[in-house]
Chemist: 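Provided herewith is a single structure, encoded as structure tokens, for subsequent inquiry.
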There are 2 protein chains.
Amino acid sequence: MQIETIKWVSGAVRIIDQTRLPLQLVYLDCRDVETLAQAIEELKVRGAPAIGVAAAYGVVLSVWGQEDISQELERKVRCAVDRLSHTRPTAINLFWALEKMQRAFTQSRGEEPERIQHLLLQEADRIFEQERKVCQKIGENGAALLEDGMSVLTHCNAGALATAGLGTALGVIYAAKSQGKRICVFADETRPLLQGARLTTWELLQNEIEVTLICDNAAAALMRTGRIDAVMVGADRIARNGDVANKVGTYGLAILAKEHRIPFYVAAPLSTLDMKLADGSKIPIEQRSPEEVTRGFGLPTAPQEVKVFNPAFDVTPGELVSAIILEKGIARNPYEPTFERWVR
Amino acid sequence: MQIETIKWVSGAVRIIDQTRLPLQLVYLDCRDVETLAQAIEELKVRGAPAIGVAAAYGVVLSVWGQEDISQELERKVRCAVDRLSHTRPTAINLFWALEKMQRAFTQSRGEEPERIQHLLLQEADRIFEQERKVCQKIGENGAALLEDGMSVLTHCNAGALATAGLGTALGVIYAAKSQGKRICVFADETRPLLQGARLTTWELLQNEIEVTLICDNAAAALMRTGRIDAVMVGADRIARNGDVANKVGTYGLAILAKEHRIPFYVAAPLSTLDMKLADGSKIPIEQRSPEEVTRGFGLPTAPQEVKVFNPAFDVTPGELVSAIILEKGIARNPYEPTFERWVR
């Protein structure tokens with residue numbers, strides 16, 4: 001099944017409202033920047049590559065149908081970039097895509113408003129298309145690491161719902177399947193927002209891949225049974241040395257994998273690399289609302305007055321990562337020389 | 001605040017219905033064995049020591065107010081022991097308490113029914129009182145391991161709500177506090193049933209102890225910040241070599257603690273020791289319903305057809321445990337000689 005996570009539909013960014021899954025498959029048309037920005041903040045669209053693509057189309061929204069003179073358009077684009085860049089701090093793909101859009105706008109200076117709209121849409125489409133193809137390549141590269149009959153543990157959702165294509169971590173699973181390998185997936189439910197329970201299991205079932213849901217708590221016991229052959233996750237930002245920011249819980253999983261001698265793989269596009277950062281210590285980690293933990297399912301599940309520590313991401317040191325699967329190939333520790341070569 | 005988790009009230013076992021916390025503090029009077037057995041199965045009363053005490057009173061219920069001849073009473077006691085022993089398989093305290101009650105009944109053979117009732121109640125009261133005092137001793141012993149200003153991470157609920165007294169892991173915190181030490185607690189929410197979020201935070205707030213709630217997923221990132229000085233958990237069953245069965249997630253925490261060089265402590269009564277088991281591999285691990293994971297909060301949070309792996313407990317190898325705190329003192333690896341001495 002082709003999952004259309006993000007789609008440009010004449011003047012609107014159409015997204016799957018992922019907060020409604022798995023109960024309902026509902027599409028949401030964002031016709032202005034603010035609606036889209038809020039959709040990103042509320043995780044209606046989420047996943048680092050998907051956020052980048054959505055934000056690119058968000059910049060198109062800011063000029064769409066506008067007859068203004070160029071100066072006015074410039075103000076609108078600047079506002080859009082500013083608003084969208086303040087939605088979520090950790091995933092670098094957002095800033096990467098906004099920078100590309102900003103550059104495309106600068107290059108269109110002096111053109112007619114309609115032409116500018118056209119050029120910006122073209123650039124967003126290019127980003128979309130590039131990220132779609134990149135998923136394909138990541139999948140093919142990663143599939144070489146998986147053998148028929150393996151069981152793979154994944155965390156959060158790094159699938160079609162997190163990208164413009166097949167996904168990153170799940171893209172590898174899909175590619176392995178299309179090569180005729182039977183892969184079983186174990187999905188961490190991924191508290192607090194249950195992207196694993198709600199999204200990963202849904203998307204794998206849609207694609208007829210065997211999946212078993214576990215509480216995040218059960219990962220260590222499951223590894224101990226010997227049933228897990230590999231861990232495969234996505235990434236929100238990767239520093240030069242291979243330190244990986246990803247959904248909170250990833251770092252713990254990497255330690256558990258090391259303890260059980262299970263390979264720990266990260267699959268991500270090059271647009272996730274932040275070559276400006278020497279290591280992961282400077283990656284901004286988004287702190288989210290206590291209510292995600294204390295009333296994540298509507299009903300309160302903790303005393304109202306309790307303090308909560310709720311980081312959305314954590315950083316896994318590169319030395320705990322067995323390999324990082326990118327569209328250019330598979331990088332291993334030390335990561336920096338390989339990254340340098342591929343980014344150039 | 002004195003929390004009365006279990007209390008015998010003329011012909012009924014009065015328990016706090018822990019499934020209603022933290023929203024409501026509701027007491028439930030169990031007047032027959034079946035009601036109590038279901039309360040144990042549904043975790044209305046839970047925690048290894050508390051289950052033992054509740055089951056002891058459950059045996060009293062089976063003969064209470066009965067005018068039958070001795071043979072009929074024997075059948076009723078046998079049925080009660082059988083029913084109660086089939087509620088939950090992992091916590092050994094249940095079987096320990098039932099064995100004690102069975103022995104007390106056997107010793108009362110030939111007595112008048114009223115006298116038998118009296119003797120059984122006396123035995124259950126003795127178990128209650130013993131477990132209460134044991135918590136006190138565990139607390140005092142464990143408090144020696146904690147210094148003023150420390151932060152302690154705990155998992156699930158090993159507090160007053162899990163015992164007949166102050167608790168085991170939390171008993172240590174309470175004892176440290178009463179010695180004037182300020183201890184901050186971080187509480188894992190503990191999926192799927194959120195005993196950490198619902199019970200541990202509630203009970204610590206009642207006792208004016210600073211507590212911060214985290215998703216289980218955030219434990220590794222939190223340890224990485226250097227803010228955790230010790231991990232302190234309870235136990236459901238401990239094998240001769242120090243392997244510890246406890247709430248699922250404990251084993252993973254122990255690995256994370258080792259990686260971050262944080263001491264990992266287990267606090268439990270001697271009644272938790274299973275000296276018949278050489279190691280933890282033979283401890284029966286309760287598998288619970290998929291619905292705890294997929295509809296744990298009322299609303300479905302995963303596709304209905306998804307497979308679920310939901311063990312209630314895991315086993316932490318003794319070599320990952322820095323110390324086991326018992327009423328007799330603090331045991332360290334190798335555990336067996338110390339256990340042998342203390343059990344004798």
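Reckoned from all heavy atoms, side chains included, excluding hydrogens, waters and symmetry mates. Model, not experiment: these values are computed from the prediction. Sequence lines set the chain letters: A, B, ... in the order given, protein chains first and strands last, and positions in each chain run from 1.
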Chemist: Which region of Pro300(B), side chain (C-beta onward) or backbone (N, CA, C, O), has a non-hydrogen atom less than 4.5 Å from a non-hydrogen atom of chain A, or is it both or neither?
Modeler: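 The answer is both parts of Pro300(B).
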Chemist: With a 4.5 angstrom heavy-atom cut-off, could you sort out which part of Arg295(B) is near chain A: side chain, backbone, both or neither?
Modeler: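 Contact with chain A: none, neither part.
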Chemist: At a 4.5 Å cut-off on heavy atoms, which part of Leu199(B) comes close to chain A: side chain, backbone, both, or neither?
Modeler: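 For Leu199(B), neither part sits under 4.5 Å from chain A.
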Chemist: Highest number of heavy-atom pairs under 4.5 Å with chain B: which of Leu205(A), Leu194(A), Leu213(A)?
Modeler: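 Counting heavy-atom pairs under 4.5 Å, the top option is Leu213(A).
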Chemist: Just how far is it from atom CG of Asp188(B) to atom CZ of Arg191(A), taken to the nearest 0.5 Å?
Modeler: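 Atom-to-atom, Asp188(B):CG and Arg191(A):CZ are 12.0 Å apart.
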Chemist: Within the 4.5 Å heavy-atom criterion, are Lys258(B) and Glu259(A) side-chain neighbours or not?
Modeler: yes
Chemist: Treating Asp216(A) as the side-chain partner and Asn217(B) as the backbone partner, does any N or O pair qualify as donor plus acceptor under 3.5 Å?
Modeler: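 Not confirmed, Asp216(A) side chain does not pair with Asn217(B) backbone.
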Chemist: Quick check for you: among Ala254(B), Ala187(B), Pro290(B), Ala220(B), which has the greatest number of heavy-atom pairs under 4.5 Å with chain A?
Modeler: Ala220(B)
Chemist: Considering only heavy atoms and a distance below 4.5 Å, find which of Arg198(A), Met223(A), Lys247(A), Glu292(A) pairs most often with chain B.
Modeler: Arg198(A)
Chemist: Please classify the contact between Pro303(A) and chain B as side chain, backbone, both or neither, with a heavy-atom cut-off of under 4.5 Å.
Modeler: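 Contact with chain B is through both the backbone and side chain of Pro303(A).
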Chemist: Heavy atoms only, distances under 4.5 angstrom: which of Thr201(B), Val315(B), Asp314(B) has the most pairs with chain A? Name it, please.
Modeler: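 Highest number of heavy-atom pairs under 4.5 Å: Thr201(B).
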Chemist: Could you check whether any side-chain heavy atom of Ile214(A) comes within less than 4.5 Å of a side-chain heavy atom of Val308(B), counting everything from C-beta outward?
Modeler: no
Chemist: State, yes or no, whether a side-chain contact exists between Val211(B) and Lys307(A) at a heavy-atom distance under 4.5 Å.
Modeler: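 Not in contact.
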Chemist: So do Phe309(B) and Leu222(A) actually touch side chain to side chain, heavy atoms under 4.5 Å?
Modeler: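 Of all side-chain heavy-atom pairs linking Phe309(B) with Leu222(A), at least one is under 4.5 Å.
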Chemist: Mind ranking Leu21(A), Val293(A), Thr301(A) by heavy-atom pairs under 4.5 Å with chain B and telling me who comes out on top?
Modeler: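 Highest number of heavy-atom pairs under 4.5 Å: Thr301(A).
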Chemist: Could you look at Gln304(A) and say if it's the side chain, the backbone, both or neither that has a heavy atom under 4.5 Å from chain B?
Modeler: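 For Gln304(A), no heavy atom lies under 4.5 Å from chain B.
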Chemist: For chain A, which candidate among Val306(B), Leu253(B), Leu299(B) shows the most heavy-atom pairs at distances under 4.5 Å?
Modeler: Val306(B)
Chemist: Of the backbone (N, CA, C, O) and the side chain (C-beta and beyond), which part of Thr294(B) lies under 4.5 Å from a heavy atom of chain A, both, or neither?
Modeler: side chain
